[in-house]
There are 2 protein chains.
Amino acid sequence: MPHHQRADARRNYARILAVAEREVAAHGADASLERIARVAGVGSATVRRHFPGRAALLEAVFHERIEALCARAAASVDAVDARAALLDWLDGFTEYAASARGMAEALAQDRLVEPERVSACSVQLEQAVEPLLRRAAESGAVARDVTAADLLTLVTGIALATERHADPAAEGRRLLELTVRGISPVR
Amino acid sequence: MPHHQRADARRNYARILAVAEREVAAHGADASLERIARVAGVGSATVRRHFPGRAALLEAVFHERIEALCARAAASVDAVDARAALLDWLDGFTEYAASARGMAEALAQDRLVEPERVSACSVQLEQAVEPLLRRAAESGAVARDVTAADLLTLVTGIALATERHADPAAEGRRLLELTVRGISPVR
DNA sequence: GTACGATACGGAGGGCCCCGCCGTTTAGCA
DNA sequence: TGCTAAACGGCGGGGCCCTCCGTATCGTAC
């Protein structure tokens with residue numbers, strides 16, 4: 001079969017991606033591309049060839065995780081309690097972002113750099129929450145003027161602001177809860 | 001009078017700070033220190049001498065602005081409507097962060113690097129909102145379990161997430177409003 | 001007015017990183 | 001097995017950050 005990716009290219013791609021995951025987990029979104037290349041045992045040019053630009057690498061790194069989140073959203077779209085489903089998903093996202101260093105940064109980046117690409121992580125996520133949000137809104141459990149983009153921006157912001165706290169997951173959950181119920185006291 | 005800062009040192013300090021303000025406004029929190037030095041017409045070592053580390057520079061850049069915010073808080077601590085005063089301040093902060101590029105980043109940084117320094121921006125801000133928050137809580141307009149740190153983290157997060165949006169100020173205000181009233185519909 | 005000491009300056013050099021170029025290797029098909 | 005295009009990786013340029021150290025300058029004392 002002609003015009004297909006060569007076998008070694010595929011292998012290097014996998015190698016690099018594997019190293020990149022560890023490296024990003026360790027050093028955040030601004031991990032050294034050169035270092036990744038060294039550890040993976042390839043030239044730095046090869047990294048740039050497979051992933052043009054840091055954004056592309058980050059996207060690949062978080063791709064499956066993002067998909068997992070999307071799948072989760074799809075799974076709970078038929079839940080009985082629409083509001084609970086939405087909140088649960090947001091909670092999952094927050095917890096996730098807290099454990100996956102650099103993801104929030106990466107999201108914040110690509111969402112404004114190329115807001116049109118369908119494969120962009122932020123777009124996928126948006127499309128994933130949208131049904132959840134709509135159902136919740138229809139059942140009257142969530143305000144009408146809230147958009148999926150709003151929600152993503154909010155949780156991304158929370159993730160960014162808590163990323164280097166002592167206990168990001170706990171802080172994130174706490175802030176998300178505040179955001180959901182509002183700062184005002186329970187009526 | 002001995003043991004005082006030399007005159008040229010003072011001048012260079014001012015020069016650098018002035019350039020740094022423009023440079024940070026243009027390129028965000030990770031503006032090039034070397035470039036600042038070049039534009040200011042001093043050696044790069046001189047910049048590092050006056051401001052050891054990027055954090056110190058950013059702190060100096062935003063210092064007066066932060067103080068302005070603190071003053072604003074102090075001024076409205078005796079307002080009739082405690083809740084309105086608090087929300088107004090938060091709104092001001094958000095608008096401010098939207099216009100001052102890099103400030104949110106800088107805040108997020110120093111708040112976890114050195115949470116004990118009294119002169120640290122985040123600490124000052126925290127102390128400034130605290131009275132506002134307490135009064136609002138006492139009047140029952142704000143939930144009791146909300147801390148000043150929570151509020152700052154939230155608005156910082158919003159600022160971070162909206163920093164490079166098309167219209168950061170508008171987006172920030174919108175998200176802040178959502179956060180304040182909660183995502184749930186008005187009862 | 002001058003000479004001295006402390007203070008502040010800035011250039012040089014090393015390390016790391018990102019990027020683009022280009023000669024060389026190698027996989028895959030004939 | 002030979003050929004071609006795909007893929008590789010080393011090299012050099014440019015930047016940034018940082019440290020060190022010789023030197024210029026300020027401020028003061030004489």
Side-chain angles (χ1 to χ4, degrees), chain A residues 1-61 101-102 105-106 109-110 113-114 164, chain B residues 1-61 101-102 105-106 109-110 113-114 164:
Chain A
M1 26 174 131
H3 277 268
H4 266 55
Q5 202 179 26
R6 250 165 56 172
D8 54 345
R10 215 185 295 270
R11 280 201 336 193
N12 277 336
Y13 182 94
R15 269 177 182 285
I16 294 170
L17 192 53
V19 174
E21 284 174 9
R22 275 179 292 165
E23 215 58 30
V24 168
H27 301 100
D30 47 358
S32 161
L33 301 185
E34 224 172 44
R35 193 181 144 81
I36 292 177
R38 273 198 307 269
V39 176
V42 300
S44 67
T46 299
V47 173
R48 316 185 44 27
R49 203 168 293 120
H50 285 292
F51 308 96
R54 153 173 283 108
L57 217 195
L58 291 177
E59 186 174 324
V61 165
R101 239 187 123 172
E105 261 171 286
Q109 289 288 107
D110 90 332
V113 170
E114 35 188 7
R164 308 190 223 179
Chain B
M1 23 174 123
H3 277 265
H4 266 56
Q5 203 179 25
R6 250 165 58 174
D8 54 346
R10 214 185 295 268
R11 279 198 342 188
N12 278 335
Y13 182 94
R15 268 176 183 287
I16 293 170
L17 192 53
V19 174
E21 284 175 8
R22 274 179 293 166
E23 215 59 29
V24 168
H27 301 101
D30 47 0
S32 161
L33 301 185
E34 226 172 44
R35 193 181 145 82
I36 292 178
R38 273 198 306 268
V39 176
V42 300
S44 68
T46 300
V47 173
R48 316 190 46 46
R49 201 168 293 121
H50 285 291
F51 307 96
R54 153 173 281 108
L57 217 195
L58 292 176
E59 186 175 324
V61 165
R101 237 187 125 175
E105 262 170 285
Q109 290 287 106
D110 91 333
V113 171
E114 35 187 6
R164 307 190 225 181

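Throughout, protein chains are lettered first and strands after them, A, B, ... in sequence-line order, and every chain is numbered starting at 1. As the structure is a computational prediction, the values presented were derived from the model and not from experiment.
Of the listed residues (B/Arg11, B/Arg6, B/Arg10), just one forms a salt bridge (charged side-chain N to carboxylate O under 4.0 Å, His left out) with B/Asp8, and that residue is B/Arg6. Checking A/Arg49, A/Arg38, A/Glu34 one by one against A/Ser44, the side-chain contact (heavy atoms from CB on, under 4.5 Å) holds for a single residue, A/Glu34.
For A/His27 and C/dC16, the NE2 to C1' distance is 13 Å, given to the nearest whole Å. In this structure, CZ of B/Arg15 is placed 11 Å from P of C/dC9, rounded to the nearest angstrom. The CG atom of B/Leu33 sits 12 Å away from the P atom of D/dT19 (whole-angstrom rounding).
Between the side chain of B/Arg48 and the backbone N or O of B/Leu33, no donor-acceptor pair lies under 3.5 Å.
Nearest heavy-atom pair, B/Ala37 versus B/Val47, reported as atom, atom and distance to 0.1 Å: CB-CG2, 3.6 Å. The two residues A/Val42 and A/Asn12 make their nearest non-hydrogen contact at CG1-OD1, 3.5 Å.
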Atom pairs under 3.5 Å: protein N/O with N/O of nucleotides 13-15 of chain D:
none

Kindly give the atom pairs (protein nitrogen or oxygen, nucleotide nitrogen or oxygen) under 3.5 Å for nucleotides 7-9 of chain D.
unit_1	atom_1	unit_2	atom_2	d
D/dA7	OP1	A/Arg6	N	3.4
D/dC8	OP1	A/Asn12	ND2	2.5
D/dC8	OP2	A/His50	NE2	3.4
D/dG9	OP2	A/Gly43	N	3.1
D/dG9	OP2	A/Thr46	OG1	3.0
D/dG9	N7	A/Arg49	NH2	3.3
D/dG9	O6	A/Arg49	NH2	2.9

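Counting only heavy atoms from C-beta outward, the side chains of A/Arg15 and A/Val19 never approach each other to under 4.5 Å. Residues B/Val24 and B/Leu57 fail the side-chain proximity criterion, which asks for heavy atoms closer than 4.5 Å.
At C/dC16, none of the side-chain N or O atoms of A/Arg35 fall inside 4.0 Å of OP1 or OP2 (strictly under the cut-off).
Atom CD of A/Gln109 is separated from atom CZ of B/Arg164 by 4.5 Å, given to the nearest 0.5 angstrom.
Across the interface with DNA chain D, nearest-nucleotide mapping of B/Arg48 and B/Ala7 shows B/Arg48 to be the residue nearer the 5′ end.
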